[in-house]
Amino acid sequence: MNKLQLTYLGFPVYYWFKDNNEHNFFGDGVGNSWSIILKDKLPIMFSGLNK
């Protein structure tokens, strides 16, 4: 099955289910795996999930 994936600078873009409006950023840094996209700043690169 073919599906489109939104990317930014080659990184996949997702939304966090607890961010219910444009002013919520609860997913930023969750599990040391996610970062918000900020204007004029590259995404933060994490090393992966902390276990």
Side-chain angles (χ1 to χ4, degrees):
M1 178 189 305
N2 293 325
K3 293 192 175 198
L4 294 175
Q5 170 70 58
L6 178 65
T7 62
Y8 177 75
L9 298 175
F11 298 100
V13 176
Y14 301 94
Y15 71 94
W16 182 251
F17 71 102
K18 292 183 181 179
D19 294 344
N20 54 20
N21 71 55
E22 65 182 281
H23 302 290
N24 292 154
F25 305 106
F26 300 118
D28 187 33
V30 169
N32 200 27
S33 297
W34 307 96
S35 68
I36 61 174
I37 296 173
L38 300 171
K39 182 180 176 183
D40 301 324
K41 186 175 180 185
L42 292 175
I44 297 171
M45 297 300 297
F46 293 114
S47 61
L49 295 173
N50 287 337
K51 294 183 180 186

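Just the heavy atoms: all of them, side chains too, but no hydrogens, waters or symmetry mates, feed the values below.
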- Query: How far apart are the closest heavy atoms of Gln5 and Val13, and which atoms are they?
  - Reply: NE2-O, 3.1 Å

- Scanning both residues in full, the closest heavy-atom pair of Phe26 with Asp19 reads N-OD1, 2.7 Å

- Counting only heavy atoms not in Asn2, do more than 12 sit closer than 6.0 Å to its CG atom? no

